Amino acid sequence: MPIIRVAVPVPKRQFFEYQHTSALEPGIRVRVPFGPRQLIGVVLDTTEQSLWQSDKLKSISEVLDATGVFSPIQLKLCQWLSQYYQHPIGDVLHSAMPVSLRKGGSSQPKPVSYLHVTDAGQRATPESLGKARKQQQLLGQLQQSEASYSSILAQYASTTVKALIQKDLITQVERIPSLDTNWLTHLNIGDKPIPNVEQAIAISQITSKIGQYASFLIEGVTGSGKTEVYLQAIESVLTQGKQVLILVPEIGLTPQTVQRFAERFNVPVGILHSNLTDNERVLVWQQSNAGQLPIIIGTRSAIFTPMSRPGMLIVDEEHDSSYKQQDGLRYHARDLAVMRAVQENIPLVLGSATPALESLNNALNGKYQHLILNERAGNASHPKQQVLDIRNQPLEYGLSKGIIERIGQHLAQESQVMLFINRRGYAPALMCHTCGHVEQCPGCNKPYTLHKQLYKLQCHHCGSAKAIPKRCQSCHGTELGAMGIGTEQLEQGLQQLFPQYTSVRIDSDSARGKNRLNDMLDKINRNEYQILIGTQILSKGHHFPNVTLVVILEVDGALFSADYRAAEHLAQLVTQLAGRAGRAEKPGEMWLQTHDPSHPLLQDLLNNGYSHFARYALLERQHAMLPPHTYQALFRAQSSDARLANQLLMDISSQFSYSKHVQCIGPLPALMEKRQGKFRMQLVLMSNNRAALQHALAQAMPNIEQLPLATKVRWALDVDPQDFM
DNA sequence: GATTGTGTTTTA
DNA sequence: AAAACACAATCC
């Protein structure tokens, strides 16, 4: 009897063998006995020769698919992923599937709830609904075309929907979604804007590579018409009857984005985002797999969507950190996209106004074709960016006098003001408020990171530590500390300072919930708030025409962070914010509060722009022997006993002591050294040879898993880590 | 002696 | 990861 090799969703880096009456196609799902339970696994292979030293293999209980849920290319991609990130294959395949397929659900389409207007609803006018604005809007939309219940719930409150059902203007029906096998016949390629020279070059470069592998990096300043380049490249792919998969950042997937694609080409667009039901997710998967969806737009995990006629991959805002999964299978969707484009033999387009240094490096060394869009459409102008020296300045709620004054002026002119706290990659350095001096490690010339829990300064580049000094080494001042202020504190302070204006705090906490963020953005654009206090979430994809003053606090936290990517992220943030605030006739200003106004990276960014900054920063990374010029892997460990976490990492570290090409740094405390009562430590592996690092990891992992402490301490490996929190 | 809790081992 | 297994502590 043939022996089937099955990837089972357990955290073991191996496959399991079963018997079956006949060979099975790789990529199909099977139900198999596993100890006392039944699990859903994926067939990897059929052989005659068992590797398992036993002649009594169990049998497969049930074959769940007629044809592969994974194509051979996808299977290969997942196997690469499993190797590269040192993650169990069963778990990789499991996380690559939509939830309902993981549970053994059918891979055939199921009925979905739709909303469409009734006869009465078709005749009804918006006026008949009085001042129920949302209801008017929804009815109007459904009069145009029906929509699935859940897509409506993503835009409207369920009460709005129910109200219209109650009034008998719309109705809900369940049916199997109609399949559009013929989208090519109604594809609209008529009217399109005439591209400028730069756009035209980019478009022709990309379209000339349709049908083969090629990678492109579009470095296009805000307003340079990056999207139009995508659209015209997509058009060429669609006219050949092929599909395009577009990845967007988690926060950037708005109904308007989707609308733009759907309207331009008059074809169905599949959407994959985090609050889709399991059912809808499989449906998109199935339709795409059947070639019925010419365009698929989705966030990170959409990179796993199968396509029967793949034509092109696009990763928009490719620098965005949401492409890296931060738990479990820690993959980077952008890097996987490169791999997928190679395997599928199709072009890959990466686009950003502020490319990641990794991508820029690949473009500069010729791995990607570099397409630059500098020309701005229209007369868009940007806020003037300036630094504000706050050395020895009295601060109120983290704000200097000059800034408070400016805030007052702008508010008085009926403009909005945005205060931005940069918390990402924040690693407290010991800074003197009087003179701005930062205590540095003499060996590395890098700032020490302040660890309050351990009461010491530690260098995250070499691991050396010293006691916290009482006085500034430079001016002997005593005002030493980690500057830091929370969003809540700032919000309260601003209310004290400007009681006559309303403020809103936008962070991942306050924006949680389905429509919270959109509601807040609406209110901001209607001028219901004058003071906006935000974190990361504000910089992505939204435009604030009435904001004329942007203030960035905690700039130093990024400039002196042990997270070497913090400066890059700050620069991306500043540039993205500058592109989104103000408008042509009201360009406004942007201030960065810092203790180090002459910091070379900061000066380069403000004087010469992101593109120049990025090239300089790359050079600096090269001198410091940091990624992308070297390669890293990070072991994280956490335990309520700091010594145990430390010991495990020491044991792991010794597994690499023989490798000439791999250098270990640590164990060191994580930037957030204690979280939920657990001490968090990390060990960084570095190499200037990616293959050597891969090889060393592959050799060491089996031994590491056998370490006695490895079962007692929670630990994880992060290949190509993006942060050190 | 049974019961409850904790850590270890196995899964083909 | 989940369940079984093994062993120790606890209770009536």
Side-chain angles (χ1 to χ4, degrees), chain A residues 1-65 69-70 75 78-79 81-83 85-105 278 301 304 325-331 635-641 643-645 647-648 651-652 676-679 701-718:
Chain A
M1 265 217 272
I3 290 151
I4 317 286
R5 291 182 177 153
V6 180
V8 175
V10 289
K12 296 246 94 203
R13 295 149 34 77
Q14 62 188 201
F15 52 75
F16 291 81
E17 294 180 336
Y18 294 87
Q19 319 182 273
H20 192 63
T21 46
S22 60
L24 290 174
E25 182 194 335
I28 65 171
R29 291 172 306 149
V30 287
R31 196 186 300 278
V32 290
F34 196 76
R37 50 203 176 128
Q38 295 277 318
L39 294 178
I40 313 286
V42 175
V43 174
L44 294 175
D45 219 347
T46 304
T47 61
E48 293 298 326
Q49 203 58 49
S50 174
L51 295 174
W52 184 240
Q53 312 296 336
S54 160
D55 39 19
K56 38 182 195 272
L57 288 177
K58 290 190 182 177
S59 300
I60 283 172
S61 338
E62 190 187 354
V63 178
L64 291 165
D65 302 301
V69 161
F70 290 98
L75 215 49
C78 287
Q79 275 164 325
L81 204 60
S82 163
Q83 284 206 337
Y85 291 102
Q86 300 294 328
H87 200 86
I89 181 65
D91 219 40
V92 170
L93 288 163
H94 204 237
S95 26
M97 277 190 277
V99 178
S100 89
L101 292 186
R102 292 179 203 173
K103 293 191 203 141
D278 294 350
S301 62
F304 294 109
Q325 178 136 59
Q326 288 296 11
D327 57 284
L329 170 57
R330 295 167 176 264
Y331 68 102
F635 282 95
R636 302 164 195 272
Q638 59 171 50
S639 164
S640 39
D641 186 346
R643 284 167 311 173
L644 285 184
Q647 188 55 52
L648 172 67
D651 295 346
I652 291 176
Q676 292 162 351
K678 298 269 203 272
F679 290 94
M701 279 305 270
N703 301 333
I704 292 171
E705 279 168 340
Q706 295 305 309
L707 289 172
L709 273 175
T711 51
K712 303 192 86 173
V713 178
R714 257 180 87 86
W715 65 279
L717 169 64
D718 191 349

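Each chain gets a letter, A, B and so on, in the order its sequence line appears, and its residues count up from 1. This one's a predicted model, so the numbers in the text were calculated from it and none came from an experiment.
Rounded to whole angstrom, the span from the CG atom of A:Leu39 across to the C1' atom of C:dA4 amounts to 15 Å. For the pair A:Lys103 NZ and C:dA1 P, the computed distance is 18 Å after rounding to whole Å. A:Ile40 places its CD1 atom 15 Å from the C1' atom of C:dA1, with the value rounded to the nearest Å.
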For nucleotides 10-12 of chain B, print each protein N/O atom paired with a nucleotide N/O atom at under 3.5 Å, atom names and distance only.
{"residue": "B:dT11", "atom": "O3'", "partner": "A:Gly35", "partner atom": "N", "Å": "3.1"}
{"residue": "B:dA12", "atom": "OP1", "partner": "A:Gly35", "partner atom": "N", "Å": "3.1"}
{"residue": "B:dA12", "atom": "OP1", "partner": "A:Lys58", "partner atom": "NZ", "Å": "2.5"}
{"residue": "B:dA12", "atom": "O3'", "partner": "A:Glu17", "partner atom": "O", "Å": "2.8"}
{"residue": "B:dA12", "atom": "O3'", "partner": "A:Lys58", "partner atom": "N", "Å": "3.0"}

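Distance check, rounded to the nearest 0.5 Å: NZ of A:Lys712 to CG of A:Leu648 gives 12.0 Å. One finds the SG atom of A:Cys78 at 10.0 Å from the OH atom of A:Tyr331 (value rounded to the nearest 0.5 Å). Atom CD of A:Glu48 sits about 6.5 Å away from atom CD1 of A:Ile3, to the nearest 0.5 Å.
Looking at A:Ser82, its side chain never comes within 3.5 Å of a backbone N or O of A:Pro88 through a donor-acceptor pair. A:Ser639 contributes no side-chain N or O that, together with a main-chain N or O of A:Val713, makes up a donor-acceptor pair within less than 3.5 Å. Without hydrogens or angle criteria, A:Tyr85 side chain to A:Leu717 main chain gives no donor-acceptor distance under 3.5 Å.
A heavy-atom distance below 4.0 Å to DNA chain B is reached by none of the residues of residues 704-713 of chain A.
Every pair passing salt bridge (Lys or Arg N to Asp or Glu O under 4.0 Å) that includes a residue from residues 85-104 of chain A is listed here, sequence neighbours excluded: A:Lys103-A:Asp278.
The existence of a salt bridge linking A:Glu705 and A:Arg13 is confirmed by a sub-4.0 Å separation between a basic side-chain nitrogen and an acidic carboxylate oxygen.
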